[in-house]
Amino acid sequence: MKLRSIPGFIRWSAMALAAQMFCGQISAQVKVACVGNSITFGACIVNRVQNSYPAQLQAYLGDGYQVVNFGVSGSTLLGKGDRPYTLTDEYARSLAFNPDIVLIKLGTNDSKPYNMRYFDDFAADCKALIDSYKSLDSHPRVILLTPLRCYNPMIYDIDSVAVSGTVVPAVQKAAVENAVELLDLHDLFGRRWERHLMPDKVHPSSIGAGMMAQAIGRYILHNGADTSGVVCENACTHAVPGNEYRQAAGWTEGSDWHSVADDIQLTLEGRKLDMLLLGNSITQGWGGARRAVAYKPGKAVMDSLAGDLQWESAGISGDRTQHLLWRLRNYDYNVCRPGCVVIAVGINNLIGGDTPDDTSKGIIRVAEEAEKVFPDSRIILLGVYPAGKEKHSAIRTKCDSVHRQLGAHNFARTLYVDPTSWFTDRNGDMCDGLYSGDYVHFTPEGYRVAAEHILRLLRSGE
């Protein structure tokens, strides 16, 4: 079912409300209760309703699950703590929800000095909390989540040393003693602080919350099995929404991924296009008529070369194949009835650590989805634009591997074109002046070269 142009905040809020109001009518869904503190609640996350870890977990798990956020900022597991979770309304609501799975992520606030005075009660209080869920008629799976690592010795009164050295071992011990499952997230973000994952050194960003959702989602889908030595599902083909929120994303002030995605749908409404461009930040750079995009280095070039052709960009900075796949499945891009659809995506997968093989499969899945979404449109797949200055650079080698795999694939009705030669010299090195210093993004001249070739492909099929 397409979501069409309903704004994201309203759409997701309505879905969550309907799920909670009519949970008796959707008993086939696996109900997941996310119990916790501000990290579960989504404090400090822009648009937490859609970007908190429970919201992203809902998207990762899909329609077969109903995930509800019962997080309370500042709450403690300790009954004598300054804000016991068991005395909150959300705790009562989580019990009434009668969940099939309970995710308990508490303990960070228990490390505060005035709460640590009561830490001898931690084991008993943890057992009581676990038992309160075990005794429900649903007999849920109870999964303890360890606190995330904090990256400041003392911040918000939270003692990071106590979190790592006292609270985490206590949660691990509680899981064993109470025969419940344990998912250790303590080092999910690594031992060194990364600002983009945890800006204030305590609360995850939307991107960090996405990492939590993916780790927890995989754990749930694999029923708690140890997947460290087996091949997990390909993340590049697992459709999920993006979670970017960066000042450098080229968006207007205050925009997050969901508002940018909604703006694309609104921009396409009521139009008939000759060409729709799908992709990531490079595609976003064409700009078009979109209001949520502030940086449009390719717009003037495309406008001047396209002439009377009606075109629009549907690129979002940071998008990987899984994010574009989600947009194709959850928005109605065919509302603009494009004569031609041009797809260029996958470079963020490679930069993010996905293998060329997995990335290629993700790109192929996107093309296959586009064939369904745009049944009357011509589809041109460019795969990844070349990256890296030298022919034998690590990132270029990965790009070339992707193109070899795309070239060997038998697409149903997608025209695949490798754009590498558009930007490289006879030696395979990048031509001067076409790329910015990162050798990933185009300069205005690079956009001119890309536009000339894209329009030549478009017009050759007219």
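Note that these values count all heavy atoms, side chains included, but never hydrogens, waters or copies made by symmetry.
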Any chance you could lay out the side chain to side chain donor-acceptor pair (under 3.5 Å) test for Asp184 and Thr146, step after step, and finish with the verdict?
CA-CA 5 Å; Asp184 194 338; Thr146 60; 2.9 Å; yes

Check whether any side-chain heavy atom of Gln310 lies under 4.5 Å from a side-chain heavy atom of Lys272, and answer yes or no.
no

Keeping the roles fixed (side chain from Ser460, backbone from Leu457), state whether a donor-acceptor pair exists under 3.5 Å.
yes

Determine whether Leu144 and Leu183 make a side-chain contact, defined as any pair of heavy atoms from C-beta on separated by less than 4.5 Å.
no

Closer than 3.5 angstrom, by distance alone: can the side chain of Ser94 be matched with the main-chain N or O of Ala33 as a donor-acceptor pair?
no

Measure from the side-chain N and O atoms of Thr267 to the backbone N and O of Arg290, and report whether any donor-acceptor pair falls under 3.5 Å.
no

Give me the atom names and distance for the closest heavy-atom approach of Pro386 to Arg396.
CB-NE, 4.0 Å

Are Leu406 and Val384 packed together at the side-chain level, in the sense that at least one heavy-atom pair is separated by less than 4.5 angstrom?
no

Within 45 degrees of the axis of the six-membered ring of Tyr65 and under 6.0 Å from its centre: does Lys31 put its NZ or CZ there?
no

For the residue pair Asp332 / Gln265, report whether a side-chain donor-acceptor contact shorter than 3.5 Å exists.
no

State whether the side chain of His323 and the backbone N or O of Arg320 hold a donor-acceptor pair below 3.5 Å, judged by distance alone.
yes

Of the options Asp357, Asp358, Thr359, which is the one that meets Lys361 in a side-chain hydrogen bond (donor to acceptor under 3.5 Å, both in side chains)?
Asp357

Flag the pair Glu181 and Arg141 as a salt bridge only when some basic side-chain nitrogen lies within less than 4.0 angstrom of an acidic carboxylate oxygen.
yes

With a 4.5 Å limit on heavy-atom distance, are the side chains of Tyr53 and Ile216 in contact?
yes

Donor-acceptor side-chain pairing of Trp257 and Asp319 below 3.5 angstrom:
yes

Between the OG atom in Ser255 and the CG atom in Asp262, the distance rounded to the nearest 0.5 Å is 10.5 Å

How are the rings of Phe442 and Tyr447 set relative to one another: parallel (under 30°), tilted (30 to 60°) or perpendicular (over 60°)?
perpendicular

Would you confirm whether His186, through its side chain, and Val168, through its main-chain N or O, come within 3.5 Å as a donor-acceptor pair?
no

Taking the side chain as every heavy atom from C-beta outward, state whether Ile363 and Leu381 have any pair of such atoms under 4.5 Å apart.
yes

Should Pro204 and Leu197 count as side-chain neighbours, where that means a heavy-atom distance under 4.5 Å?
no

Under a 4.5 Å cut-off applied to non-hydrogen side-chain atoms, are Glu312 and Leu277 in contact?
no

Donor-acceptor under 3.5 Å (Ser52 side chain, Val49 main chain):
no

Any sub-3.5 Å donor-acceptor pair from Asn69's side-chain atoms to Pro54's backbone N or O?
no

Could you tell me whether the side chain of Asn280 and the main chain of Val345 form a donor-acceptor pair under 3.5 Å?
no

Shortest non-hydrogen separation from Gly242 to Asn51 and the atoms involved
O-OD1, 4.3 Å

Ring-plane angle category for Tyr435 and Tyr439, please: parallel below 30°, perpendicular beyond 60°, tilted otherwise.
parallel

Could you grab the distance from atom CG of Leu458 to atom SG of Cys340, nearest 0.5 Å is fine?
5.0 Å

With distance as the sole criterion, is a donor-acceptor pair present between the side chains of Glu371 and Thr414 under 3.5 Å?
yes

Which residue pairs pass the side-chain hydrogen bond (donor to acceptor under 3.5 Å, both in side chains) test when at least one of the two sits in residues 195-217, sequence neighbours left out?
Ser38-His203, Tyr156-Asp200, Asp200-His203

Any donor-acceptor pair under 3.5 Å from Thr321 side chain to Cys236 backbone
yes

Which is it for Arg149 and Asp187 under the salt bridge (charged side-chain N to carboxylate O under 4.0 Å, His left out) test, yes or no, and what are the steps along the way?
CA-CA 6 Å; Arg149 178 181 292 276; Asp187 286 327; 2.8 Å; yes

Over 60° means perpendicular and under 30° means parallel, so classify the ring planes of Tyr60 and His238, tilted if in between.
parallel

With side chains defined as the heavy atoms from C-beta onward, is the minimum distance between Cys34 and Phe70 less than 4.5 Å?
no

CG/Leu61 to CD1/Ile220 distance, rounded to the nearest 0.5 angstrom?
5.0 Å

Trp251 side chain to Gln284 side chain, donor-acceptor N/O pair below 3.5 angstrom:
yes

Decide whether Asn47 and Asp256 meet the rule of one side-chain donor and one side-chain acceptor closer than 3.5 Å.
yes

Ring of Phe41, cation from Arg48 - is the NZ or CZ under 6.0 Å from the centre and inside 45° of the axis?
yes

Polar side-chain atom of Thr424 near backbone of Asp429 as donor-acceptor pair, under 3.5 Å
no

Distance-only donor-acceptor check, side chains His441 and Asp438, under 3.5 Å
yes

Does any donor atom in the side chain of Gln322 or Asn349 lie under 3.5 Å from an acceptor atom in the other side chain?
yes

So for atom CG, which belongs to Asp432, do other residues, nucleotides or ligands contribute more than 12 heavy atoms lying within a distance under 6.0 Å?
no

Run the ring-centre check on Tyr151 versus Phe189 and record whether the distance is less than 6.0 Å.
no

Contact summary for Cys399 and Ala387, nearest pair of heavy atoms
SG-N, 3.9 Å

Residues Glu452, Arg448; criterion salt bridge (charged side-chain N to carboxylate O under 4.0 Å, His left out); working and verdict
CA-CA 6 Å; Glu452 289 178 345; Arg448 182 191 64 79; 2.5 Å; yes

Determine whether Leu328 and Val366 satisfy the following criterion, side-chain contact (heavy atoms from CB on, under 4.5 Å), listing intermediate values before the conclusion.
CA-CA 8 Å; Leu328 288 171; Val366 167; 4.0 Å; yes

Separation between OG1 (Thr283) and CG (Leu278), nearest 0.5 Å, reads 7.5 Å

